[in-house]
Amino acid sequence: MGLSDRCTGALPRADALCRAIVCECARRHFRGVLADFETNPYSSDRLSFLSRLSARLSARRMALYCPLSLPAEGAALLVGTGLSGGSLRALLEETACRYGAERLALDLERVMMDFPLPCPSGCGTPLMREELLALREKHPSSVYFSRELMANYFTYLTENGTHFVLFDDTETLRQKVRLAQSLGIREAFIMYPEVADILPELGRW
């Protein structure tokens, strides 16, 4: 089951909500819950809610997966792979050292992003697959592989300056999974809309 957090305030009747989620999972024979929560400074009760939910799920032999920003007690923690800087290996090693590799799972994000250079914020413009293909056709420059980010990239010039485009394909996603496995991380999640065009290839992992 996927669980989103769109409430801007405190969660009403948290215990009743936990019971309802567990009952729904049991009724549908789900194996667990993925909490797609973002850190919200106005929602300080999220961590305690997720810890309670984790305990209830665990009692029914189901798992809870949480973002690293909300490390609920007893839950597995999701590590995002969509980096725009730093080193994916270093991130996974540091996180495994802190929490234990057996407690981690990959949030295997398919990156497709355009960065103007320089880009101090590290935040680029997300691209749709069609937009990425259009850029490749318009700017047929060489594609390189970043060993630090474990993603492909190319650059192109406009009248406003240089752009750096970072993107994943089937092989880069495979390499991220292999890296995680080598570090003892055994689970990974992918979001279907992001990988719809390459799903048949991913199915042959």
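As the structure is a prediction and not an experimental result, all values here were calculated from the model. When a residue number appears, it is its place in the shown sequence, counting from 1.
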(message) Test of understanding: with side-chain contact (heavy atoms from CB on, under 4.5 Å), list the residues that count as partners of A59, not counting sequence neighbours.
(response) none
(message) Please check this pair: side chain of S54 against backbone of A72, looking for a donor-acceptor N/O pair closer than 3.5 Å.
(response) no
(message) Under a 4.0 Å threshold between the charged nitrogen and the carboxylate oxygen, would R98 count as salt-bridged to E94?
(response) no
(request) Scan residues 86-111 for pairs that pass ring pair (Phe, Tyr, Trp, His ring centres under 6.0 Å), counting only residues two or more places apart or in two chains. (result) none
(message) Looking at every non-hydrogen atom in both residues, tell me the closest pair between F49 and C18 and how far apart they are.
(response) CE1-SG, 3.5 Å
(message) If only side-chain N and O atoms count, and only distance matters, is there a donor-acceptor pair under 3.5 Å linking D169 with N152?
(response) yes
(request) Please confirm whether the backbone N or O of G122 pairs with a side-chain atom of S84, one donor and one acceptor, at under 3.5 Å? (result) yes
(message) With a sphere of 6.0 Å drawn around CD of E131, does it hold more than 12 non-hydrogen atoms of other residues, nucleotides or ligands?
(response) yes
(request) May I have the step-by-step check of ring pair (Phe, Tyr, Trp, His ring centres under 6.0 Å) for F167 and Y153, ending in yes or no? (result) CA-CA 6 Å; F167 68 98; Y153 69 92; 9.0 Å; no
(request) Might you point out which heavy atoms bring A35 and P67 nearest each other, and give the distance in Å? (result) O-CD, 3.3 Å
(message) Could you measure the distance from the CE atom of M112 to the CG atom of L132? Nearest 0.5 Å is fine.
(response) 6.5 Å
(request) Please determine if R110 and D197 form a salt bridge, counting it only when a charged side-chain N lies under 4.0 Å from a carboxylate O. (result) yes
(message) Restricting to non-hydrogen atoms, name the atom on L108 and the atom on E194 that form the minimum distance, rounded to 0.1 Å.
(response) O-OE1, 4.3 Å
(request) Using modelled atom types only, decide if a donor and an acceptor are shared between the side chain of E93 and the backbone of A90 within a distance under 3.5 Å. (result) no
(request) Specify the closest pair of heavy atoms between V22 and R56, including all atoms of both residues, with the distance to one decimal. (result) CG2-CB, 3.8 Å
(request) Check whether any side-chain N or O of R136 sits under 3.5 Å from a backbone N or O of S141 as a donor-acceptor pair, and report yes or no. (result) yes
(request) Decide if atom CZ of R178 counts as having more than 12 heavy atoms of other residues, nucleotides or ligands within a radius under 6.0 Å. (result) yes
(request) Check the side chains of D36 and Y65 for a donor-acceptor pair under 3.5 angstrom, ignoring hydrogens and angles. (result) no
(message) Within a 6.0 Å radius of atom CZ on F145, are there more than 12 heavy atoms belonging to other residues, nucleotides or ligands?
(response) yes
(request) Could you tell me whether the side chain of T155 and the main chain of F164 form a donor-acceptor pair under 3.5 Å? (result) no
Side-chain donor/acceptor pairs under 3.5 Å, residues 74-83, sequence neighbours excluded:
{"unit_1": "T81", "atom_1": "OG1", "unit_2": "D107", "atom_2": "O", "d": "3.4"}
{"unit_1": "T81", "atom_1": "OG1", "unit_2": "E109", "atom_2": "N", "d": "3.1"}

